[in-house]
Amino acid sequence: QVQLVESGGGLVQAGGSLRLSCAASGGTFNSYAMGWFRQAPGKEREFEAATSWSGDSTLYANSVKGRFTISRDNAKKTVYLQMNSLKPEDTAVYYCAATRDYSDLGQWANYNYWGQGTQVTVSS
């Protein structure tokens with residue numbers, strides 16, 4: 001059983017940056033691939049970024065490629081999402097998630113463990 005807690009959300013102006021953190025406890029953190037998803041009001045949860053257990057392999061949604069960077073520190077049991085050049089359309093609740101299923105890291109249904117989410121609001 002893995003427990004995940006996100007932090008780092010907040011209000012930022014368009015063009016600004018935020019760094020989200022997701023701290024894990026329980027389980028064996030370095031055996032899980034980690035992903036970040038977001039959900040805006042009235043919209044489905046969508047994939048943003050994922051990293052393999054080692055951090056050597058990453059995957060990004062086209063909408064955030066070049067702006068967001070996912071990384072992890074297995075010693076600290078934490079995964080990060082650095083978000084730069086933020087846009088108002090990035091406003092959403094951001095969730096981190098963990099999985100051992102590498103078949104499709106972009107599919108939210110493949111993730112077993114989820115955090116409670118952190119709100120990111122980008123003003124224009």
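The closest side-chain heavy-atom distance from V122 to E89 is not below 4.5 Å. Looking at heavy atoms from C-beta onward, K76 lies out of side-chain contact with F29 at the 4.5 angstrom threshold. Residues Q82 and S17 form a side-chain contact, since some pair of their non-hydrogen atoms from C-beta on lies under 4.5 Å apart. At least one side-chain heavy atom of S63 sits under 4.5 Å from a side-chain heavy atom of R38.
Distance check: R67 CZ to T69 OG1 gives 11.0 Å after rounding to the nearest 0.5 Å. To the nearest 0.5 Å, atoms CZ (R72) and SG (C22) are separated by 10.0 Å. Note that the CG atom of N84 and the CG atom of L18 stand 9.5 Å from one another [nearest 0.5 Å]. Here T58 contributes atom OG1 and K65 contributes atom NZ; the two are 9.5 Å apart, rounded to the nearest 0.5 Å. A distance of 9.5 Å separates OG in S124 from CD in Q13, rounded to the nearest 0.5 Å.
Applying the ring pair (Phe, Tyr, Trp, His ring centres under 6.0 Å) definition to pairs two or more places apart or across chains, none involves residues 57-105.
For D101, the side-chain contact (heavy atoms from CB on, under 4.5 Å) partners two or more places apart in sequence, or in a different chain, are T99, S103, N110.
Looking at every heavy atom in both residues, A33 comes nearest to Y111 through O-CE2, 4.5 Å. Pairing each heavy atom of E6 with each of G115, the nearest pair is OE2-CA, 3.2 Å. Annotation for G16 and V12: closest pair CA-CG2, 3.9 Å, computed over non-hydrogen atoms. Minimum interatomic distance between V120 and G9 (heavy atoms only, all atoms of both residues): CG2-CA, 4.1 Å. The shortest non-hydrogen separation linking L81 to A49 is CD1-CB, 4.1 Å. Closest approach of S31 and R100 over heavy atoms only: OG-NH2, 3.0 Å.
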Worked verdict on K77 versus S25 for side chain to side chain contact (heavy atoms under 4.5 Å, CB included): CA-CA 7 Å; K77 296 186 177 181; S25 61; over 6 Å; no

From CA spacing to verdict: side chain to side chain contact (heavy atoms under 4.5 Å, CB included), Q119, T91: CA-CA 8 Å; Q119 176 70 47; T91 295; 4.0 Å; yes

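Following chains of ILVMFWY side-chain contacts shorter than 4.5 Å, one cannot reach W114 starting from V2, and the two form parts of different hydrophobic clusters. No continuous path of ILVMFWY side-chain contacts below 4.5 Å connects F37 to M83, so the two sit in separate hydrophobic clusters. Under the 4.5 Å side-chain contact rule for hydrophobic residues, I70 and L4 share a cluster. In the hydrophobic cluster analysis, where Ile, Leu, Val, Met, Phe, Trp and Tyr join through side-chain heavy atoms closer than 4.5 angstrom, L86 is grouped together with V64. Linking ILVMFWY side-chain heavy atoms closer than 4.5 Å, directly or via other members, places F47 and V93 in a single hydrophobic cluster.
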